[in-house]
K.L.:
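There's a structure below that I have some questions on.
Every heavy atom of this structure was used, including side-chain atoms; hydrogens, water molecules and symmetry mates were not. So you know, we letter chains A, B, ... as the sequences are listed, proteins then strands, and number each from 1.
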Amino acid sequence: MSSSEDEIVLSKRVKKTSKKNGSMTSTAASELDDDLPLSQRNNGVVKSKDTSVDEDYEEPIAEKVNRKRKSENGSSTVPKKTKKVKTETDASAKKSDKEPKQKRETKPKKETKSKNAAVKAEKDEDVPTSQNEEKDEDEDEGYKWWEAEDVDGVQKWETLEHNGVLFPPEYEPLPSHVKLYYDGKPVKLSLEAEEVAGFYGAMLETDHAKNPVFQKNFFGDFLDVIKETNGSDVEIKDFEKLDFSKIFAHFEKLREEKKLLTKDQKKAMKEEKERIEEPYKTCLFNGHKELVGNFRVEPPGLFRGRGAHPRTGKLKRRVYPEMVTLNIGAGAKIPEAPPGHSWGEIKNDNTVTWLAMWRENIADSFKYVRFAASSSIKGVSDFKKFETARRLRSHVDAIRKDYTKMLKSELMQDRQMASAIYLIDVFALRAGGEKGDDEADTVGCCSLRYEHITLKPPNKVIFDFLGKDSIRFYQEVEVDKQVFKNLRIFKKAPKQPGDDLFDRINPTMLNKQLQNYMKGLTAKVFRTYNASKTMQDQLDLIPNEGTVAEKVVKFNAANRTVAILCNHQRTVSKGHGSSVQKINDKLKELMWQKIRLKRMILVLEPKLKNKQSHYFCEIDDLAKEDEEHIHHTVIARQREQVLKKMQRDNEKLKLEKQEILTEKSDEIKEKMAKIDDLEKEYKAELNGAKPEVKKNLTVEKLQQQVEVIENRIVTTTLQLKDKEDNSEVSLGTSKMNYIDPRLTVMFSKKFDVPIEKLFTKTLRDKFKWAIESADENWRF
DNA sequence: GATATCACTTAGAAGGAATACT
DNA sequence: AGTATTCCTTCTAAGTGATATC
């Protein structure tokens with residue numbers, strides 16, 4: 001492809017442009033050119049991975065940036081692209097381009113009022129948050145001790161009581177007739193091995209089970225368990241020869257049976273479940289009852305890694321009480337471990353917020369049992385998160401100005417730093433920490449590699465990489481000229497595919513840099529800030545008019561803009577393609593119905609065709625083949641309906657022991673004959689015959705019917721568009737994590753939209769603090 | 001001062017519940 | 001009334017980032 005060509009062209013351009021740009025830049029460029037990345041200095045070519053960043057370069061930056069630029073006028077040097085890129089896909093967002101220069105606040109002081117309100121609301125809930133009140137900007141006044149103490153997170157609670165965790169039920173063996181087969185022969189397995197076989201068998205029809213890596217990992221671990229437990233009477237060598245179909249069928253059957261339970265049975269089961277869960281659902285936190293989040297220990301199973309995860313399919317082993325550490329108040333009663341077991345460890349650590357913890361065997365990391373999202377402790381930290389993002393408002397101009405300047409620094413490291421911050425700010429990239437070989441290959445800003453961006457002069461960049469959860473990030477955008485130049489330099493030979501673009505910086509350094517601008521500022525704060533800022537801007541564009549439903553639609557459109565900014569996607573549901581097709585077919589059929597009605601009108605009053613030519617102009621729009629196709633589906637559907645009804649009737653008749661209807665019964669024959677007639681009629685119409693008009697119909701009645709159909713066409717079209725727009729965008733994540741909930745509350749109050757329409761029950765619980773503190777004038 | 005450890009937030013998939021459709 | 005579709009919750013994987021440790 002032309003990409004290598006591009007590169008050549010580009011590197012030529014580097015020299016040219018840098019010369020043109022006067023002495024400053026040209027020195028910079030030449031310095032940058034021979035300022036080789038460490039990885040290359042150390043060992044010739046080698047792949048990236050240089051964690052040893054040259055510190056000589058670090059010193060000057062830290063110094064330089066440390067200065068706080070309070071006196072800055074704050075005129076934004078930031079590229080307007082920010083907006084353009086974000087909103088392009090959203091029709092309703094178009095206008096936002098026009099007013100990005102709303103830099104209302106001159107002084108940050110304003111926010112104190114609403115903030116205090118929020119703090120007050122929290123106090124009503126007895127949230128221990130004395131520090132928050134002071135957590136204000138006012139940077140000039142320097143270091144604030146209480147913030148530091150806060151960040152240290154010294155003490156998170158005074159007292160803590162809970163009942164431990166709920167373990168998953170023990171393994172329930174398969175019935176004796178359900179077996180795994182190998183090479184056609186039944187296999188006798190130990191219970192442990194059978195359980196593992198069951199994990200795979202149950203998911204036989206999923207995509208996971210068809211993934212070769214998943215299969216290989218599963219198979220390896222399965223064999224291990226067999227070996228460990230002396231678990232098989234047949235030597236199993238070849239995965240392909242394993243037949244799980246009987247096991248799969250068994251689980252299918254169980255699922256079916258569960259569905260068929262009566263209402264009462266389901267209710268009884270639910271109550272039983274509740275009863276068992278009851279003790280674990282809540283805990284006592286500083287004497288208050290609080291909900292616990294994930295009190296259930298994760299059951300064993302096969303690890304479902306996302307994307308191309310090297311370990312997907314591995315056996316996630318059962319967790320026993322001996323592996324679990326409980327964290328509980330020193331004076332509290334220690335819950336009893338399940339019979340025959342004991343806890344691994346008991347801690348009384350009040351500097352952390354988890355109630356229990358265990359080590360997981362896939363990545364050897366920790367799993368925690370924590371408070372629910374609605375708990376006060378989570379609420380406080382959520383509140384703080386958004387307040388930190390809000391504080392960024394009064395620093396962001398200076399930060400943008402500074403990194404814009406730093407884009408031209410003579411130090412490679414500074415240029416990388418500035419460019420990275422630019423990308424994080426403008427395109428909402430994540431920080432991008434280093435990842436290991438035993439994880440999926442995904443990247444964020446700092447871990448972007450050569451192959452993840454394509455440069456198209458003069459300033460177009462195409463991003464194409466897999467981000468968190470292996471979600472693809474694909475965007476063609478225009479960037480700041482200097483950023484473009486820098487990216488070109490970062491890609492310069494000898495760098496090649498596989499090499500880090502940003503080989504002089506990492507998230508730790510980047511965050512250190514950001515803290516120089518503002519305390520508590522890290523890369524992720526930019527996502528929160530830009531998401532909430534975008535939401536505020538989008539909400540500002542919505543006129544206060546229309547029905548509640550219409551306003552909700554507009555709110556969702558604003559929400560969608562944010563989701564797109566943050567690249568929150570969902571995989572297109574399995575049936576999406578076909579359901580779009582369905583709606584399209586429905587639309588065509590509606591069109592046909594409308595046209596047919598209009599033809600009928602003309603049958604009654606042919607003169608109208610010329611009198612109201614506009615109204616009738618579309619009657620010839622339908623292509624003959626299309627019409628024929630529609631006729632066909634309509635007729636087929638009617639026949640099907642007759643047969644279906646027959647079947648239903650037959651079931652009743654069977655119960656009553658009466659004679660069963662068949663296709664030869666008179667009743668059915670009669671119905672079918674009618675449909676046959678209709679089919680002939682349609683055929684005749686296709687060849688130019690006039691449609692038959694029922695006697696009682698008048699022009700007015702027909703016109704009314706046309707109107708009804710037209711309305712249905714409009715709503716169906718909208719529905720289709722909405723479906724397509726939303727098919728791969730997930731609104732929930734931004735609503736839950738990025739959009740300051742007080743914005744939603746503000747919208748609810750200002751636009752008289754019940755909060756229930758905007759927040760689900762869970763979100764209302766989680767954001768109680770916001771619902772009670774923000775009013776219709778609240779601003780992010 | 002690099003690396004390991006730990007604790008926390010953010011994320012989409014899956015499955016169940018609620019609602020719409022016919 | 002039964003089924004299809006959408007909405008919501010649960011689950012747990014996958015990030016970020018601070019700190020402890022060697």
K.L.:
Starting at the 5' end of DNA chain B, which residue's closest nucleotide do you reach first, K347(A) or K586(A)?
P.N.:
K347(A)

K.L.:
Is E439(A) touching bases, backbone alone, or none of the nucleic acid, heavy atoms closer than 4.0 Å?
P.N.:
nothing

K.L.:
Nearest to the F303(A) side chain among dA18(C), dG15(C), dA13(C), which nucleotide is it?
P.N.:
dA13(C)

K.L.:
Expressed in angstrom and rounded to an integer, what is the separation of Y368(A) atom OH from dA14(C) atom C1'?
P.N.:
14 Å

K.L.:
What is the distance from CG of N737(A) to C1' of dA14(C), rounded to the nearest Å?
P.N.:
13 Å

K.L.:
Can you work out whether T571(A) or K385(A) has the more 5'-proximal nearest nucleotide on DNA chain B?
P.N.:
K385(A)

K.L.:
So what does G732(A) hit on the nucleic acid, given a heavy-atom distance under 4.0 Å: a base, only sugar-phosphate, or nothing?
P.N.:
nothing

K.L.:
Given K259(A) and E256(A), is the salt bridge (Lys or Arg N to Asp or Glu O under 4.0 Å) satisfied, shown in steps?
P.N.:
CA-CA 5 Å; K259(A) 253 191 235 164; E256(A) 289 303 316; 3.6 Å; yes

K.L.:
I'd like to know whether the aromatic ring centres of F295(A) and H162(A) sit less than 6.0 Å apart in this structure.
P.N.:
no

K.L.:
Judged by each residue's nearest nucleotide on DNA chain C, which is more toward the 5′ side, R296(A) or K524(A)?
P.N.:
R296(A)

K.L.:
Given the structure, check if the side chain of K468(A) and the base of dT10(B) hold any donor-acceptor pair shorter than 3.5 Å.
P.N.:
yes

K.L.:
Output the rounded distance in Å from CZ (F386(A)) to P (dT10(B)).
P.N.:
7 Å

K.L.:
Indicate the ring-plane relationship of Y200(A) and F214(A), choosing parallel, tilted or perpendicular according to the 30° and 60° boundaries.
P.N.:
tilted

K.L.:
A440(A) near the nucleic acid: base, sugar-phosphate alone, or nothing, with a heavy-atom cut-off under 4.0 Å?
P.N.:
nothing

K.L.:
Whole angstroms only, please: what is the NE2-P distance between H568(A) and dA13(C)?
P.N.:
19 Å

K.L.:
Quick check: on DNA chain C, is the nucleotide nearest T508(A) upstream (toward 5') of the one nearest H309(A), or the reverse? Name the residue that is more 5'.
P.N.:
H309(A)

K.L.:
Does K316(A) reach a base, just sugar-phosphate, or nothing at all? Heavy atoms under 4.0 Å.
P.N.:
sugar-phosphate

K.L.:
Does the pair E387(A) and R742(A) meet the rule for a salt bridge (Lys or Arg N to Asp or Glu O under 4.0 Å), with working shown?
P.N.:
CA-CA 11 Å; E387(A) 285 305 292; R742(A) 289 167 293 187; 2.7 Å; yes

K.L.:
Pick base, sugar-phosphate or nothing for Y738(A), based on heavy-atom distances below 4.0 Å to the nucleic acid.
P.N.:
sugar-phosphate

K.L.:
Hey, is the side chain of S365(A) poking within less than 4.0 Å of OP1 or OP2 on dC6(B), counting only N and O atoms?
P.N.:
no

K.L.:
Parallel, tilted or perpendicular: which fits the ring planes of F386(A) and W769(A), with parallel below 30° and perpendicular above 60°?
P.N.:
tilted

K.L.:
Contact class for I362(A) (heavy atom, under 4.0 Å): base, sugar-phosphate, or nothing?
P.N.:
nothing

K.L.:
So K588(A) and D585(A), salt bridge (Lys or Arg N to Asp or Glu O under 4.0 Å) or not? Walk me through it.
P.N.:
CA-CA 5 Å; K588(A) 278 205 177 138; D585(A) 289 349; 5.7 Å; no

K.L.:
Considering just the side-chain nitrogens and oxygens of T760(A), establish if one lies under 4.0 Å of OP1 or OP2 belonging to dC7(C).
P.N.:
no

K.L.:
Mind checking if R430(A) touches a base, just sugar-phosphate, or nothing, with heavy atoms under 4.0 Å?
P.N.:
sugar-phosphate

K.L.:
Identify whether any heavy atom of R304(A) sits under 4.0 Å from a base atom; if not, whether one sits that close to sugar-phosphate; answer base, sugar-phosphate or nothing.
P.N.:
sugar-phosphate

K.L.:
With heavy atoms under 4.0 Å as the rule, sort R255(A) into base, sugar-phosphate or nothing.
P.N.:
nothing

